Participant: 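The following block contains the structure, expressed as structure tokens.
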Amino acid sequence: MQVSVAAYAVGRGTPDAAALLYFASNCTNLVGGWVYGAWRHGGSPRRHQATAAACLTLASLPLTFLGAPLAVGATLALTGLAVPVLLILATVLTESSVPRSVLTQAFTWGNSASAAGSAGAAAIAGRVVDTVGAHGGFAVAAGAAVVMTVLAFGGLRDSSPHVAKPSAPAETTARTAPPPT
């Protein structure tokens, strides 16, 4: 998003507008994290993750074609609501799925993967922006959101209590050879 927002503002001849667009997104980041943290929610974190990823995808897709700065700013504000929720849920799911003895290591791997993913996405978005413009960069972000949504819903299916578990093998009677004569 960062590369695409800057490219969008520069492409419109208003590079200073990038700061206002970031402001809109970052303010809603604060609100999204605060509201989700204050909400006494039921349901599984995996369901919340899938829902938040789907919301991020739906909010990101219009950025691939919107042109008016106010519309882009409002849409970036919507994407900003989902990001902190996804970060919170990544922490919750990590904490619930690894032994406590390796929790710090798991968080380190998660943070490193996130940083590597952001760097790779920025490089790809930069190349796409140079080729087709800011809307192409926004398409990279929307594509990443789609992949995240598919993975999140796949995680729901894998963790569903309705998934059939393999049954224990049937006991067999041990056959012994007759004693030697």
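This structure is a prediction, so every number in the text was calculated from the model and none was measured.
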Participant: Let me check something: do L70 and Y22 share a hydrophobic cluster, defined by ILVMFWY side-chain heavy atoms less than 4.5 Å apart, either directly or through other members?
Facilitator: no
Participant: Could you report the tightest heavy-atom contact between P62 and T75, atom names first, then the distance?
Facilitator: CB-CG2, 4.2 Å
Participant: Using side-chain heavy atoms (C-beta onward) and a distance below 4.5 Å, is P69 in contact with R12?
Facilitator: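 Yes, their side chains come closer than 4.5 Å.
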Participant: What are the two closest non-hydrogen atoms of A53 and T149, and how far apart are they?
Facilitator: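 Scanning both residues, the minimum pair turns out to be O-OG1, 2.9 Å.
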Participant: Taking the side chain as every heavy atom from C-beta outward, state whether L76 and T79 have any pair of such atoms under 4.5 Å apart.
Facilitator: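 With C-beta onward as the side chain, the pair touches.
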Participant: From T28 OG1 over to N26 CG, what is the distance, rounded to the nearest 0.5 angstrom?
Facilitator: 7.5 Å
Participant: Do the ring planes of F138 and Y8 sit parallel (below 30°), tilted (30 to 60°) or perpendicular (above 60°)?
Facilitator: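 If you compare the ring of F138 with that of Y8, the planes turn out tilted.
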Participant: Between T91 and L87 (side chain of the first, backbone of the second, donor and acceptor by atom type, cut-off under 3.5 Å), is there such a pair?
Facilitator: yes
Participant: Roughly how far, to the nearest 0.5 Å, is the CG atom of L156 from the CG atom of L151?
Facilitator: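 Answer for the CG-CG pair, L151 versus L156, is 11.5 Å.
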Participant: Check whether T64 reaches the backbone of L61 with its side chain - one donor and one acceptor, N or O, closer than 3.5 Å.
Facilitator: yes
Participant: Are V10 and V129 connected in a single hydrophobic cluster, I mean Ile/Leu/Val/Met/Phe/Trp/Tyr linked by side-chain heavy atoms less than 4.5 Å apart?
Facilitator: no
Participant: Is V85 reachable from V92 through a run of hydrophobic residues whose side-chain heavy atoms are each under 4.5 Å from the next?
Facilitator: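 Shared cluster, yes.
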Participant: What distance separates T51 OG1 from L56 CG, expressed to the nearest 0.5 Å?
Facilitator: 12.5 Å
Participant: What's the separation between atom OG1 in T104 and atom CZ in F107, rounded to the nearest 0.5 Å?
Facilitator: 7.5 Å
Participant: Can you tell if the side chain of I88 reaches within under 4.5 Å of the side chain of H48, non-hydrogen atoms only?
Facilitator: no
Participant: Identify the two heavy atoms, one from A125 and one from S4, that lie closest to each other, and give their separation to 0.1 Å.
Facilitator: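 A125 and S4 have their closest heavy atoms at CB-OG, 4.4 Å.
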Participant: Quick one, H135 with L63, criterion side chain to side chain contact (heavy atoms under 4.5 Å, CB included). Give me CA distance, side-chain angles, the key distance, then yes/no.
Facilitator: CA-CA 7 Å; H135 288 96; L63 291 169; over 6 Å; no
Participant: Please give me the minimum heavy-atom distance between L93 and P45, naming the atom from each residue.
Facilitator: CD2-CB, 3.7 Å
Participant: Work out which heavy atom in A24 is nearest to a heavy atom in G73; give both atom names and the distance.
Facilitator: CB-O, 3.9 Å
Participant: With clusters defined by side-chain heavy atoms of hydrophobic residues (ILVMFWY) lying less than 4.5 Å apart, directly or transitively, does V132 cluster with I124?
Facilitator: yes
Participant: Once rounded to the nearest 0.5 Å, what's the spacing between atom CZ of R47 and atom CG of L89?
Facilitator: 13.5 Å
Participant: Does any non-hydrogen side-chain atom of W109 lie less than 4.5 Å from one of T94?
Facilitator: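 Side chain of T94 against side chain of W109, heavy atoms only: no contact under 4.5 Å found.
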Participant: Specify the closest pair of heavy atoms between A9 and A18, including all atoms of both residues, with the distance to one decimal.
Facilitator: CB-N, 3.5 Å
Participant: So how far is it from Q49 CD to F153 CZ, rounded to the nearest 0.5 Å?
Facilitator: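 Those atoms lie 10.0 Å apart.
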Participant: Is there a continuous path of hydrophobic side-chain contacts, each under 4.5 Å between heavy atoms, that joins V146 to M1?
Facilitator: no
Participant: For Q2 and S118, run side chain to side chain contact (heavy atoms under 4.5 Å, CB included): C-alpha distance rounded to whole Å, both residues' side-chain angles, the deciding distance at 0.1 Å, then the answer.
Facilitator: CA-CA 10 Å; Q2 291 80 1; S118 293; over 6 Å; no
